[in-house]
Amino acid sequence: MSIFKRGRVYRYHFFFNGEHIQGSTKQGNKNVAKQIEAAHRTALAKGEVGIREKKQCPALGDFLEKDFLPYVHAQFREKPKTDQYYEYGVKLLRAGTLWTMKIDDLTSKDAGAFIAQNMRLSPSAINCGLRTLRRSLNLAEEWGKLPRSPKIALARGERQRDRIVSEKEFLAYRALSRQPWSDVVTLLYGTGMRPGEVYRLKWENVSLLEKRPCIEIVEGKSKAARRVLPMVAEVIQALQGRWEAQGKPQEGWVFPSDARSGHLEEGSAKNQHLDAMKKLRLAKSLFDEWEKEGSQGSWQAHVHEKAALSIDLLNKHSEVFSNGVKYFEPYCLRHTALTRLAEAGCDAFTLARIAGHSSITITQRYCHPQAEAIDAAFAKMGKGQNPTAPATLPATPEVEAIPDTSQVIEKMVSAEGIEPSTY
């Protein structure tokens, strides 16, 4: 079909004397668009117009510097991380062969060549450049500087922050975390908030004294990020302690710092996270050292002597310290909270509201229905249609108990007084 819709307007494409003709009708009405396309065909056949010359497209480097970067700086003025991300992507593209190519000459093959040229970099870094390229070409098409943007495939092997942190691992990790990081990770694990949302949390958006204490998130990556979340007992306790320690303020940052922004930032948060992980690795290495030396005496005493960790702490989390903890990013605490909610039976649409996702496809990565759940769903449907269906469903394996965190959040989505529209 020569007429197709892109966005709100119809475009056309056809071949004339072996030449590909394409353009925009600038019309949202399909019938009018067909008439414009037919008129162009007629004009070409009568020789009234020749094959239109291709519009000169700028080089990728010129477009990135003159159009794309100014747009990024203006669009993401209040989101410096996003601004820096695209700036780094432009830096990668500047060092490659794509920089001088015309944007209408770029294809998916050239994206593959970019991957090959940057194999020394991590997949995450390579994909930063590819995402910058993809976003810029999509904008070039939207702004009329490019007839059609190519499909850009990302490099494989990018590290995903999908590590599930067990409750035992989390409790040991939090016990080794300094303040304010200990309270931050409590919020991440207990609410499923994004780390940046926790760093920028303000007291005016925290309701501690209400019948159902909650946190209101007023800004984020998209409109869907604006939502209201209830607080579990541990989160209430952590925020109550901070609120009282700060003199019960009515406004201001929950996690203030000396940074320019006035609140805890990623750099400081990363240092505190690495400090806790370093203590976990040290405890494990000292435990291994104690085993190699013949396991004489108490390993807790050995670790206490060399790492200055309290005996009570080592006894309380002995299983974690002796087995060790695989490294994880702070974002994995959010991923863990959302995954546990899904495992507890929270449906994908409700989970998307809790997570602040703008697309249900993002949320589906947390939902993995088991065979028993699928069988139960069909059994319930059959039970309602067939009078001879058994009164009870077959017993399913017992589900492992989840932390109080997930249990309380699950209650939040069960229509106990909070409207779904508030998420």
Item to check | Side-chain donor/acceptor of Ser268 to backbone N/O of Leu264, under 3.5 Å | outcome: no

Checklist entry - For the ring pair Trp143 and Phe68, is the centre-to-centre distance below 6.0 Å? => result no

Next on the checklist: So, taking the atom named CD in Gln27 and the one named OH in Tyr10, what distance separates them when rounded to the nearest 0.5 Å?
Outcome noted: 11.5 Å

Next on the checklist: Would you compute the distance between atom CG of Asn205 and atom CD of Glu219 and round it to the nearest 0.5 angstrom?
Outcome noted: 9.0 Å

Checklist entry - Do other residues, nucleotides or ligands put more than 12 heavy atoms under 6.0 Å from the OH atom of Tyr71? => result yes

Item to check | Under-4.0 Å salt bridge between Glu142 and Arg6 | outcome: no

Item to check | Heavy-atom pair with the smallest gap, counting every atom of Ala283 and Leu309 | outcome: CB-CD1, 4.2 Å

Checklist entry - Salt-bridged, Arg11 to Glu37, with N to O below 4.0 Å? => result no

Item to check | Expected output: side-chain Asp62 to main-chain Pro58 donor-acceptor under 3.5 Å | outcome: no

Checklist entry - Nearest 0.5 Å, what's the OG1-CD distance between Thr82 and Gln75? => result 10.0 Å

Checklist outcome for this item: The reported gap from OG in Ser166 to CZ in Phe328 (rounded to nearest 0.5 angstrom) is 9.0 Å

Checklist entry - Would you call the rings of Phe14 and Tyr12 parallel, tilted or perpendicular if under 30° counts as parallel and over 60° as perpendicular? => result parallel

Checklist entry - Is the closest side-chain donor-acceptor distance between Arg131 and Tyr85 under 3.5 Å? => result yes

Item to check | Validation row: Ile354, Thr191 side chains within 4.5 angstrom (heavy atoms) | outcome: no

Checklist entry - Does the pair Arg148/Glu141 count as a salt bridge with the N-to-O cut at 4.0 Å? => result no

Checklist entry - Between His273 and Tyr327, how do the two ring planes meet: parallel, tilted or perpendicular, split at 30° and 60°? => result perpendicular

Item to check | Lys326 and Glu169: CA distance, side-chain angles, deciding distance, salt bridge (charged side-chain N to carboxylate O under 4.0 Å, His left out) verdict | outcome: CA-CA 9 Å; Lys326 182 181 177 182; Glu169 290 176 327; over 6 Å; no

Checklist entry - Side-chain contact, heavy-atom cut-off 4.5 Å: Leu106 with Leu98? => result yes

Next on the checklist: Using a strict threshold of under 4.0 Å (side-chain N to carboxylate O), is an ion pair present between Arg227 and Glu197?
Outcome noted: yes

Next on the checklist: Side chains of Asp110 and Thr107: any donor to acceptor distance under 3.5 Å?
Outcome noted: yes

Next on the checklist: Can you confirm whether the side chains of Thr363 and His357 place a donor and an acceptor under 3.5 Å from each other?
Outcome noted: yes

Item to check | Heavy-atom check, side chain of His317 versus side chain of Leu176, under 4.5 Å | outcome: no

Item to check | Carboxylate-amine/guanidinium contact Glu216 Arg226, below 4.0 Å | outcome: no

Checklist entry - CD/Gln272 to CZ/Arg178 distance, rounded to the nearest 0.5 angstrom? => result 5.0 Å

Next on the checklist: Within the 3.5 Å criterion, strictly below it, is a donor on Thr97 or Gln117 matched to an acceptor on the partner's side chain?
Outcome noted: yes

Item to check | Working for salt bridge (charged side-chain N to carboxylate O under 4.0 Å, His left out), residues Glu329 and Arg334 | outcome: CA-CA 10 Å; Glu329 298 284 351; Arg334 162 179 161 86; over 6 Å; no

Item to check | Presence of salt bridge, Asp288 and Lys284, under 4.0 angstrom | outcome: yes

Checklist entry - More than 12 foreign heavy atoms under 6.0 Å from CD of Glu289: is that the case here? => result yes

Checklist entry - Can you tell me if NZ on Lys26 sees more than 12 non-hydrogen neighbours from other groups inside 6.0 Å? => result no

Item to check | Non-hydrogen side-chain atoms of Thr100 and Leu60 separated by less than 4.5 Å | outcome: no

Checklist entry - For Gln246 and Trp203, does a side-chain donor sit closer than 3.5 Å to a side-chain acceptor? => result yes

Checklist entry - Are Asp275 and Lys279 within salt-bridge range, i.e. N to O under 4.0 Å? => result yes

Item to check | Ser261 versus Glu265, side-chain donor and acceptor atoms under 3.5 Å | outcome: yes

Checklist entry - Is it true that the side chains of Asp183 and Gln179 contain a donor and an acceptor less than 3.5 Å apart? => result yes

Checklist entry - Regarding Ser124 and Asn127, is there a side-chain donor-to-acceptor distance under 3.5 Å anywhere? => result no

Checklist outcome for this item: Minimal heavy-atom distance between Ile236 and Leu208, with the atoms involved, is O-CD2, 4.2 Å

Next on the checklist: So that I can tick it off, tell me whether Lys202 and Glu251 are bridged by a salt bridge, with the cut-off set at under 4.0 angstrom between side-chain N and carboxylate O.
Outcome noted: no

